[in-house]
Amino acid sequence: MTTTQKPRLAIYWGASCGGCEIAILNIGDKILEVDAAFDIVFWPCAADFKYEDVHGYPDDYIDLCLFNGAIRNAENEEMAHLLRRKSKVLVAFGSCAHEGCIPALSNLTSAEETLRIAFLDNPTIDNTKGTLPQQVTQVPEGELRIPQFYNTVMALNQVTEVDYIVPGCPPEPPQIWAVLEAVIKGATLPPPGNTILGAGTLAVCAECPLERHEKQIERFYRPYEKTPEPGLCLLEQGIVCLGIATRSGCGALCPQVNMGCRGCYGLMDEIDDQGANMISSLAAVVAAGELGTDEDEIERKIEAAMDTLVDPAGTFYRFNMAHSLLQRVRTGMNGHGNGGAQ
Amino acid sequence: MRRFVLLRQMLRQFGIERERVQLVWAAASESNVLAEAVDQMTEQLRALGPLRWKQRVLHDAHPHIAPIEPDVTPADLVSAKEVSA
């Protein structure tokens with residue numbers, strides 16, 4: 001570390017997979033420019049920093065903090081508050097910090113159920129003693145504590161104020177570099193306050209080269225069930241693609257390799273709920289039958305078509321559950337316990 | 001109809017009772033159909049009680065969490081309508 005006036009950069013992870021850190025490294029040799037431009041003052045994934053280092057910094061010491069990962073437990077939240085206090089600019093980096101992402105899919109069940117599946121009832125687990133993580137454990141050396149596991153996974157801006165959001169699972173490296181380069185060159189950023197950086201404003205469809213022909217479908221197919229016709233819109237072939245309800249900025253990478261958009265750049269401006277938006281959009285491509293068909297027959301046909309769509313909630317809120325209108329399921333209705341931390 | 005079928009399937013996953021969201025067709029000449037459907041739905045919702053999602057489902061969520069507004073349930077709406085009528 002040098003003692004020059006370079007801006008100070010911190011990168012931290014909450015509940016995340018590590019993909020955001022890899023995406024940062026995927027900006028290639030430009031990472032050297034990042035190193036040259038910033039003093040890295042906290043980045044546990046890449047350099048040996050401790051909590052105490054951050055606690056020792058004065059408030060607003062960090063110029064730019066990229067926080068990836070969702071708020072899943074008390075440690076994530078504590079670090080979110082700490083880094084907010086120590087940072088001039090706090091960025092929710094990647095889908096988990098932005099909107100909950102894959103970790104927030106566990107909002108489809110309870111904390112108890114999540115732990116049960118992860119530690120007890122799982123074909124790849126051999127936990128004959130039924131050991132579960134305990135928040136407090138007595139050992140000969142004293143008392144061991146681990147952070148409280150929350151029932152509901154939250155996005156970063158649901159626990160603290162966020163200046164900017166860089167969407168994506170993970171954010172695409174060219175978009176990451178565009179944001180970092182703007183900071184390095186001292187460009188004027190838009191006003192802070194949950195402001196989206198490094199993404200577009202239109203739907204993914206606007207960047208997608210696949211052709212649409214306003215065709216309607218009789219049923220949906222899971223990716224393994226169908227080889228798509230090249231060059232044609234996946235949704236119109238019955239392959240669920242969330243491009244129509246998802247913010248652009250990725251370059252429509254997934255549809256171009258025959259994988260429907262998963263929705264990772266989140267909802268667009270002016271949209272309150274990505275899943276509801278997707279229901280509206282999807283409904284338009286499902287065939288309802290000829291004009292004059294009997295109403296019951298129409299309903300039966302639509303139900304049959306919709307039944308081929310496995311797990312609508314998990315599909316439409318794969319990335320956006322924490323920011324959805326409902327935010328989580330009500331448990332206790334279906335024998336799945338009633339929500340752990342009550 | 002298409003949106004409704006899909007919405008109903010998804011709301012079931014969220015643990016919301018089927019009776020809370022209903023779609024009933026009634027032509028302009030079928031006022032009795034509409035009235036019966038409203039009566040029936042009112043009774044069903046009254047039996048279920050208010051949803052109160054924010055308090056009952058997001059109860060452990062952090063206070064920073066954005067409140068779901070308005071905090072009104074379909075049952076509240078139906079009973080409010082009855083009172084005003």
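Just so it is clear: chains get the letters A, B, ... in the order the sequence lines come, proteins before strands, and each one is counted from 1.
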> Is the CZ atom of B/Arg3 crowded by more than 12 outside heavy atoms at less than 6.0 Å?
Replying inline: no

> Counting heavy atoms not belonging to B/Glu19, are there more than 12 under 6.0 Å from its CD?
Replying inline: yes

> Which distance, rounded to the nearest 0.5 Å, do you find between the CD of A/Glu299 and the CG of B/Leu23?
Replying inline: 8.0 Å

> At what distance, to the nearest 0.5 angstrom, does CZ of B/Arg2 lie from CD1 of A/Ile298?
Replying inline: 9.0 Å

> If you look at every heavy atom in A/Val329 and B/Val57, which pair is closest and at what distance?
Replying inline: O-CG1, 3.6 Å

>> Quick check on A/Asp307 against chain B: is it the side chain, the backbone, both or neither that has a heavy atom closer than 4.5 Å?
In response: both

> What is the distance from atom CH2 of B/Trp53 to atom CZ of A/Arg328, rounded to the nearest 0.5 Å?
Replying inline: 8.5 Å

>> Once side chain to side chain donor-acceptor pair (under 3.5 Å) is applied, what residue pairs with a partner in residues 267-277 of chain A remain, sequence neighbours excluded?
In response: A/Thr246-A/Gln274, A/Arg247-A/Asp269, A/Asp273-A/Tyr317

>> Tell me if a side-chain donor or acceptor on A/Arg330 pairs with a main-chain N or O of B/Gly15 at a distance below 3.5 Å.
In response: yes

>> Counting only non-hydrogen atoms closer than 4.5 Å, does A/Met278 touch chain B with its backbone (N, CA, C, O), its side chain (CB onward), both, or neither?
In response: neither

>> Counting only non-hydrogen atoms closer than 4.5 Å, does A/Leu282 touch chain B with its backbone (N, CA, C, O), its side chain (CB onward), both, or neither?
In response: side chain

> If we only count heavy atoms from C-beta on, is the B/Met1 to A/Lys301 side-chain gap below 4.5 Å?
Replying inline: no

> Using non-hydrogen atoms only, which part of A/Ala305 is less than 4.5 Å away from chain B: side chain, backbone, both, or neither?
Replying inline: neither

> Who pairs with A/Glu225 by salt bridge (charged side-chain N to carboxylate O under 4.0 Å, His left out), at least two apart in sequence or on another chain?
Replying inline: A/Arg219

> Do A/Leu326 and B/Ile16 come within less than 4.5 Å of each other through their side chains, counting heavy atoms only?
Replying inline: yes

>> Within this structure, what is the CD1-CG distance for the pair A/Ile279 and B/Leu11, rounded to the nearest 0.5 Å?
In response: 7.0 Å

